[in-house]
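Everything on this sheet refers to the single structure shown next.
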Amino acid sequence: MIRLRNVSARAARLLVLSTLALGACRHGGARQTVDIGTYLGGEALLVAAEPVFAQHGMVVSNSALASAAGVEILKQGGNAVDAAVATGFALAVTYPFAGNVGGGGFMNIHLADGRNAAIDYREIAPLAATRDMYVDPATGKLTNKSVIGHLASGVPGAVAGMAEALGRYGSMPLAKVMAPAIRLARDGFLVDSALFRSLRSNRAVSQFAGRDLFYPGGEPLAPGSRLVQAELARTLEIIAAKGPAGFYQGEVAEALVAEMKRGGGIITLEDLRRYKPEWRTPIRSTYRGHTLLTMPPASSGGITMTETMNILEPFAPLPRFGSAGYAHLLTEAFRRAFIDRNEKLGDPAFVRVPMDQLTSKTYAQSLAAEISRTRATPTPAFKTGTEPEHTTHYSVADGKGNVVATTTTLNGGYGSGVWIPKAGFFMNNEMDDFAAQPGAPNMFGLVQGEANAIAPGKRMLSAMSPTIVLDANGKVLLVVGAAGGPRIITTTTQVILNVIEHRMSLADAMRAPRLHHQSLPDTLRYEDGAFSAAVADSLRAMGHALQRTGGLANANGIMRVSGGWIGVREPRSTGGAVGH
Ligand code: GLY
């Protein structure tokens with residue numbers, strides 16, 4: 001990170017504008033963007049995609065400003081949980097694409113004294129939700145109301161979850177950790193090329209109430225302009241003063257419900273009043289002497305990753321990166337884990353999740369034994385829809401060795417597109433993560449079963465996979481997770497395998513081309529450079545359908561190294577690793 005002091009606002013604006021050109025550069029085949037649009041308290045931060053080393057602490061997120069907010073709290077003596085909550089609220093301001101107070105997420109915590117905790121603040125279906133609410137009664141077909149508009153939102157969990165995590169494991173009051181977010185909303189920040197491009201490619205959002213703020217004169221906010229979010233600042237100030245009651249009751253709640261009523265949504269004050277985050281026990285599994293601490297349901301991430309790694313373990317050491325043998329084994333392991341995921345997983349308060357079976361090494365070995373080393377196992381063909389980028393993951397480490405992995409989301413970019421007037425934030429479209437019509441694909445092409453059907457008060461199944469990996473001595477090795485729907489699971493798994501199996505540095509592990517298979521559609525998707533043309537021919541000969549694709553998922557990670565931490569933000573996207 002290069003820190004430029006006393007930069008004039010004009011100079012900062014010029015830096016921001018220059019990112020338009022830099023953002024279009026290509027390096028080594030992967031699209032690289034450089035995030036400069038950070039202008040905070042008279043300083044501009046220049047954050048590149050290179051790995052960052054720091055002795056005392058590290059925050060890596062999809063917004064350099066939000067990472068800086070977390071580090072500001074670390075520098076004031078806050079621990080990793082304080083910094084994670086500061087980063088989460090700051091993302092709601094600087095990364096409205098996925099950062100949120102109108103969505104939900106999962107936070108995975110490992111403390112230096114060995115304690116582990118996980119908090120699930122996933123959204124829930126409103127009380128008035130019904131199993132077939134997105135099926136057109138006339139045609140029997142799915143509508144797009146789970147994706148866009150007022151009916152698409154679950155009851156948000158982010159504020160309750162972050163406040164609960166802070167209360168139990170943080171060391172600072174809410175108002176203190178929220179101060180950077182409030183400042184960013186109230187004083188504004190300079191729009192960078194990343195936010196400009198994101199708004200430009202998500203124009204559907206401009207049909208809703210936020211249009212005047214984000215599309216002044218009908219055009220996306222220009223790079224270099226200052227985005228001041230006065231209504232959001234006020235909402236954050238109310239939350240800082242009153243805690244979750246400032247969001248789930250009172251004027252913010254009333255503004256949310258009024259907008260729902262106006263637009264035909266179904267979230268009520270009673271829905272908001274009832275929302276509760278859930279403390280969960282992290283899934284603890286092992287892979288070749290390492291310990292993985294991952295997220296249990298209502299996320300599918302931990303079980304699916306654990307099952308995948310357990311299927312792969314009998315084949316270890318795995319074939320070399322880039323070989324047909326490696327791509328084949330990875331595909332067959334993901335295929336089997338996703339078949340279980342899509343059929344058996346749902347909110348554990350509503351369905352019996354066979355957790356012991358799905359995380360057992362014996363069960364995984366029986367699946368591994370079915371894998372042919374030379375032939376793909378076909379699953380029925382099926383056509384998928386488009387798969388938008390969404391969600392955001394951030395990783396945090398402090399000087400004492402406490403670490404936090406958090407993934408949070410509105411689901412689609414800018415969620416349902418619905419923005420709450422007077423309160424100033426976007427609502428999620430998380431209802432699409434339910435099997436809106438069991439057996440039909442959602443917006444990620446996932447075909448899921450009855451276990452994830454809609455019911456009032458139920459949490460929709462997630463793929464979010466905030467993960468902490470401990471080394472053979474029980475010390476933190478990695479803090480990692482990703483955005484990208486089901487690709488979250490496959491990407492997080494691959495970053496971990498790249499470090500453990502392929503002995504890559506974190507920077508290489510994150511840069512390495514990725515693969516994705518989610519059982520249906522039965523297609524092995526791959527990024528450029530994942531393997532050679534000859535290997536692609538071998539894979540086709542084995543029976544794999546291949547599909548070349550652009551950047552698969554968006555991960556942000558931290559690795560412990562001698563004397564400190566290395567932070568790496570997603571090389572395919574924007575953001576920043578900020579350390580101190
Ligand atoms: N909304 C994406 C996920 O939770 O997996």
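Read the numbers this way: they start at 1 and go in the same order the structure lists the ligands and their atoms.
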Worksheet item: Under 3.5 Å, N or O to N or O, is Leu461 touching ligand 1 that way?
Response: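 For ligand 1, there is no N or O atom that lies under 3.5 Å from one belonging to Leu461.
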
Fill in: Asp433, any N or O under 3.5 Å of ligand 1 N or O
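Yes.
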
Worksheet entry | By ring-ring contact (aromatic ring centres under 6.0 Å, His included) - contacts of Tyr95 (at least two apart) |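 Tyr95: ring-ring contact (aromatic ring centres under 6.0 Å, His included) contacts with Phe97.
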
Worksheet entry | Set of ring-ring contact (aromatic ring centres under 6.0 Å, His included) partners for Phe425, sequence neighbours left out |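 Only Phe247 meet the ring-ring contact (aromatic ring centres under 6.0 Å, His included) criterion with Phe425.
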
Worksheet item: Non-hydrogen atoms of Arg122 versus ligand 1: any pair closer than 4.0 Å?
Response: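 The answer is yes, since Arg122 has a heavy atom less than 4.0 Å from ligand 1.
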
Item to complete: Heavy-atom contacts with Met464 under 4.0 Å: which atoms of ligand 1 show up? List them by number with element.
Response: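 Near Met464, the atoms of ligand 1 are 4 (O), 5 (O).
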
Worksheet entry | Ligand-residue contact atoms, ligand 1 with Asn411, heavy atoms, under 4.0 Å |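 Listed by number with element: 1 (N), 2 (C).
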
Fill in: Sole candidate of Thr408, Asn62, Thr409 that passes side-chain hydrogen bond (donor to acceptor under 3.5 Å, both in side chains) when paired with Thr391
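The passing option is Thr409.
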
Practice prompt. First locate atom CG of Leu227, then atom CG of Leu213, and finally report the distance between them rounded to the nearest 0.5 Å.
Written response: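 If we round to the nearest 0.5 Å, Leu227:CG and Leu213:CG are 5.5 Å apart.
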
Item to complete: Examine distances only and state if a side-chain atom of Arg168 and a backbone atom of Glu164 form a donor-acceptor pair shorter than 3.5 Å.
Response: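 Checked: no pair found.
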
Worksheet item: So which bit of Glu430 gets within less than 4.0 Å of ligand 1, heavy atoms only: side chain, backbone, both or neither?
Response: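 The part of Glu430 near ligand 1 is the side chain, not the backbone.
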
